[in-house]
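Remember, predicted model here, so these are calculated numbers, not experimental data.
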Amino acid sequence: MAKVKFNEITKQFGTNKPAVSNLNLEITDKEFMVLVGPSGCGKTTTLRMLAGLETPTTGTITVDDDDITRLPPKDRDIAMVFQSYALYPHMTVRDNLAFGLKNLTLSTPQKVIVSLLKLLAYTLLFSVFYAFGYILDSFILRSPGVVFFSAITLSFVIAWIVYPELRKNIEYFVLKFSIGIPGIHDYINQLEEIETRVKQTAEILEIEELLNRKPKQLSGGQRQRVAVGRAIIRDPKVFLMDEPLSNLDAKLRNSTRAELAELQSKLQTTTLYVTHDQVEAMTLGHRIAVMNKGVIEQLGTPSEVYNKPRTAFVAGFIGAPPTNLVKGELTKQGKQLLIRVNEGSFIKIPSDYPNPDLLENHIGNEVIIGFRPEQVEILSIKDSNSITGTVTFTESIGSSTIIFVNLFGSEVRLSEIGHKPRKIGSEIHFRFSGAQTHLFDEKSGISLENHDFSVH
Amino acid sequence: MTDRSKGELFSFLTILFTAMMFMWAFWNFQLKIWNRVTYIVGQWTSPPPLFPRGDYPTDVYVPQILSNLIVMTLMGGIFSISVLYFYFKVDYSKGLKPSMVMVLISYFLWFLAFWTGESYKITPNNWLVNELNSLSSHAWQFVGIPLPMSATYSERDLLFQLILNLNIWVLFSISMIGTVLSVKRYRSNLKLDQVGKIQDKSRKNLFQNLNFSLTSLFTFLILILFFIYTVVPIVYTLILSMSNAVDIQKQSIVPSDPLGSFVRNYSSVIFIINPNSSSFSSSFMISLVLGFGTSLGGMFISLPAAYAISRYKFKGRNTSKFLVLATQMFPGIILLIPQFIIWKNLGFFGGGREIYLFSIPLFYIDGGTFKLSGLLLAYFVGALAYNVWMMKGYFDTLPYDLEEAALIDGSTDLGAFLRIAIPLSAPGMVAVAIFTFLGAWNEFALAQIFVGEKNPSSSLPLMFYLYQNTSAPDNPPYFQLLSAFSILAALPIMVVFMSLQRLLTGGITSGGIK
C-alpha cells in the first residue's frame with residue numbers, strides 16, 4: 001500500500017558523469033514497475049537509492065508523500081531481494097527469514113532486558129564453572145586454574161561456539177525463568193508470532209522442509225526462494241528486486257518468473273524490479289521504464305514500449321532479436337517518401353504509413369528507420385514495394401530462423417517462422433507495413449511520430 | 001560440520017569432563033562409600049575394589065582389575081552413547097560411529113591411567129621415591145606449589161601428590177588428544193563445497209599421480225632437506241627428553257631407558273620447582289593467560305578499527321592505515337626503553353597512578369603487583385597493527401551485500417557488524433588469534449624486562465631461561481629436563497593449532513552468495 005515518487009533525482013559518484021541524472025519516476029500503488037536497461041545505465045543505483053544504500057546527490061524520494069531521502073534503510077519499511085541473494089550463510093533458513101522481523105518488531109528495551117538476562121545467566125554459569133574448577137584445582141594440584149579451571153571453562157566456551165542448540169537452550173531457559181519480568185511475556189509472544197509468520201511464509205514458497213538448513217545446503221532455486229521469502233515475510237511497503245533471476249538456469253528462470261508475477265498479484269505490494277533482461281521486463285512489468293545512461297528513455301506498458309518506442313535506443317533494446325535500425329536521409333520523390341541510405345539505394349516508406357504529414361517537416365534530415373525482424377513479411381518474388389537484400393548468414397532457433405541480411409551495406413535481421421534452406425549470397429525480398437515502421441531523428445534519437453505519451 | 005557431529009563432539013567433551021569431575025569427587029570424598037559399595041557388590045562378582053586404598057589389601061589381581069576396567073569403560077561408553085541417542089538424537093541405525101569407538105578407547109585409557117597411578121602407589125620403595133630423594137638433595141623443592149620449607153612430608157604423601165598430579169596430566173593430554181582426533185574424524189566427514197573436494201582428490205591421487213621425473217625428484221630432494229632441517233631439532237629434543245644423564249654424557253642417540261627417563265624427566269619438570277621462581281604449573285597458567293589475553297584482547301580492540309577501515313570511507317582513512325602500519329616498522333626492541341619508562345610512569349611497576357581498571361583481572365595471579373598487566377598491555381600494543389591489517393584484509397574479502405541485506409532487514413550498522421560481519425570472519429579471527437597467541441607464548445625480551453625471571457609470576461620462556469642459567473657448576477646441566485620442558489611448553493600450541501584448525505578451513509561463507 002504505497003506509492004513511490006522520485007523527484008529530480010541525481011546521483012553523482014565523485015566528479016564523474018552522473019550515474020543517474022534528473023530522474024523523475026512515479027510508481028503507483030500495487031504496481032509492478034520494471035527498470036530495464038543495459039549494464040551501467042543507473043538502474044541499480046536508482047534501486048539502491050530507494051533502499052537507502054546510496055544517498056542521492058540532489059532530489060527527493062517520497063513514499064506515500066513521506067520524504068525518505070535521508071532516512072537510514074531500517075526506517076524505510078522496504079524489503080529487497082539481492083542479485084546475489086545475500087543470505088546470511090551462518091544462519092539457518094529459519095533464522096534468515098526471522099532476522100528482519102526480529103529486528104523490526106522487538107522493541108529496544110525488550111532486547112536490552114533479554115540480553116542483560118542472558119548476560120546474567122552466562123555470568124552465573126561461568127562463575128559456577130570457575131568456582132568448581134578453581135576448587136578442584138586448589139584441592140588436587142594446589143595451583144588454582146591450571147587444569148580443571150581451564151579445561152572446564154574452555155570446554156564450555158568451545159561448546160558454546162560449536163553447538164548452537166546449547167545457546168538456544170540457554171536462551172530458552174532464561175526466558176522461561178524470567179517470565180514474570182515486565183516485557184518478557186510480550187517478548188515470548190512476539191517470538192512465537194515470528195515463528196508462525198516464518199512457517200506461513202515457508203508454506204507460501206514451499207520451503208517448509210528447508211527451514212533447518214543452512215544456505216550452503218540449498219540449491220540455487222531454493223536459495224532464490226529463501227531470498228524472496230526474506231523479503232515477503234516482513235510485509236513491507238515496497239519490494240525491491242535487483243536482478244533476482246539472473247543466477248538461475250534458463251528453465252528455472254522461466255518458471256520462477258511466472259511465480260514471481262503470481263506472488264506479486266497475490267500480495268498486491270508495490271514492486272520495483274531491476275533487470276537487464278528485456279524478456280523479464282516484458283512479462284513481469286505492469287509498466288516498464290527503459291533506462292539508458294542515467295535517464296529514463298521511455299516509460300510505459302510493455303505493449304506501448306514494444307509497439308511505440310519513443311527513442312531509437314528503446315526500439316533497439318526491446319525485442320529479441322532487436323529492431324533493425326538503418327540510417328538515412330528522408331527524401332521525397334513525388335508522393336513517395338524514401339530513406340536514402342546510400343547514393344542510389346533507397347528504402348521506401350510503406351504507402352500505408354499512418355501519418356505521413358508529420359514527416360513533411362523532416363524532409364532532408366538524417367533519420368533512422370526501424371522495423372522489427374518478426375514483423376517483416378518475406379516475399380518469394382520481387383514486387384514494387386519490396387526491399388531487396390543479400391543473405392549473409394542464417395541462424396535457426398528452433399521455431400524460427402533468423403536471417404542476417406546485408407541491406408545497402410548495413411546488417412539487418414529478419415525472422416521467419418520455420419526453417420527454409422537459404423543460400424548464402426542469394427537475394428531476399430521483404431516488406432513491412434506502415435504501422436510497424438518507426439522513424440527516429442538521428443541526432444536526438446527521438447521518434448518522429450507524435451505518440452501521445454510523455455516520458456515522466 | 002553437521003549439527004549431528006557438533007552434537008557428538010560437544011557431548012563427547014562434556015561427558016569426558018563431567019566424568020572427570022565425578023571421578024575426582026569419588027576419589028576425594030566418596031571413596032569410602034564407593035569402596036563399601038564395591039565391597040558389597042563384590043560379594044557376588046568378587047572383583048577387588050576398583051581403587052584399593054585404606055583398609056583393603058594391596059595385593060591386587062591384574063586380571064580382575066582389567067575386568068573392572070572393561071566394565072567401567074563399557075558403563076561410561078553406554079552412558080555417553082545413550083546420552084547421544086536420547087538427548088542429541090544421534091542415529092545409530094547404520095552402526096556404531098567410529099567416533100564412539102574413539103570415546104570408548106579414551107574411556108579405557110582414562111581408567112587405565114587411574115589404575116597405573118594406583119599401581120605406583122602400592123609398590124613401596126620404587127624408583128620414583130629414589131628419584132625424588134636424589135632430586136631433593138639438589139635443593140629442588142618439589143610437588144605442585146610452594147610448600148613451606150620447614151614442612152616434612154612422608155614418602156607416602158609425596159608419592160600420593162605426585163601420582164595424583166601425574167594422573168591429571170595424563171588425563172588432560174588424553175582428553176585433548178581425544179578431542180583433536182575426534183575433531184579430525186568429523187572434519188573428514190565434512191562435505192565442504194571446495195575444500196572437501198580438493199582434499200578428497202589429493203588424498204586419492206597423491207600416490208597415483210607421483211611422477212618420478214628428474215625435476216620432481218629434485219623438488220623432493222629439496223623438500224626432504226628442508227624437512228630434515230625442520231624436524232631433526234624437534235626429534236632430537238624428544239630423544240633428549242627421554243634420555244637420562246648417562247645417555248647425555250655418552251652422547252648416545254638411542255636412550256637406554258626411554259620410558260623410565262621419560263616419566264622421570266617430565267614429572268620432574270612438571271612438579272619440581274626452584275624456590276626462587278614460580279612452578280611449572282603456575283608459569284604455564286601465566287603463559288596461558290598472557291596468550292589468550294593477548295589474542296582475545298587484541299582482537300577486541302582491533303576488530304572495530306579493522307572493520308571501519310575496511311568498510312567506511314572517512315577523512316584520514318589512509319593516514320590512519322599507514323600510522324597503524326608504521327608502528328610495525330620499528331623493531332620491537334628499539335621501543336623497549338621508552339615503553340619501559342612510559343609504563344613505569346603509568347604505574348605498572350608499583351608506586352604510581354595504577355591503572356586499576358585494567359589491572360584488576362590480573363592482580364591476583366600477579367602476586368599483588370601490576371607487572372603482568374603492564375606486560376599484557378605491551379603485548380596488545382604489539383599485536384594491534386598485525387591484527388588490524390589482517391582483519392582488514394579479511395573483511396575486504398567478505399561480500400558487503402550481506403551487511404547491506406542486514407541493514408535493509410532493520411539492523412543498525414553496529415548490528416550488521418556484530419551479527420553478520422563478526423560471525424562470518426571467524427576463520428580470519430582464529431588465524432590471527434593463533435598467531436598473536438604464538439607471539440605472546442614465545443615472547444621473551446619484553447617479559448624479561450617487565451617481569452623478570454626471578455618472579456613468582458614469570459612466564460614459561462622466562463622459566464626456561466632460569467633453568468638454563470641455574471645449573472650449578474658442580475652439576476651437569478639438566479639437558480634432559482630442559483628438553484622435556486621444551487616439549488611440554490610446545491604442547492599447548494600444538495593443541496591450539498589442531499583444535500582450531502577446523503575453523504581455518506574457510507568455506508564458512510559458501511552458500512550465502514551465489
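Annotation: the span from A/Q83 atom CD to B/D401 atom CG amounts to 8.5 Å, rounded to 0.5 Å. From B/R419, atom CZ reaches atom CG of A/N103 across 4.5 Å, with rounding to the nearest 0.5 Å. For the atom pair CZ of A/R48 and CD of B/E404, the computed distance is 4.0 Å after rounding to the nearest 0.5 Å.
A donor-acceptor pair is defined here as one N or O able to donate and one able to accept, closer than 3.5 Å; such a pair exists between the side chain of A/Y88 and the backbone of B/A406.
Heavy atoms of A/R76 lying under 4.5 Å from chain B are absent altogether.
With contacts defined as side-chain heavy-atom distances shorter than 4.5 Å, the pair B/I420/A/F99 qualifies. At a threshold of 4.5 Å between non-hydrogen side-chain atoms, the residues A/R230 and B/I408 do not count as touching. Using a 4.5 Å heavy-atom threshold, the side chains of A/P72 and B/L407 count as separate. A heavy-atom distance below 4.5 Å is not found between the side chains of A/H90 and B/L402.
Within a 6.0 Å sphere centred on CZ of A/F173, heavy atoms belonging to other residues, nucleotides or ligands number 12 at most.
Under the 4.0 Å criterion applied to side-chain N and carboxylate O atoms, A/K102 and B/D409 are not assigned as salt-bridge partners.
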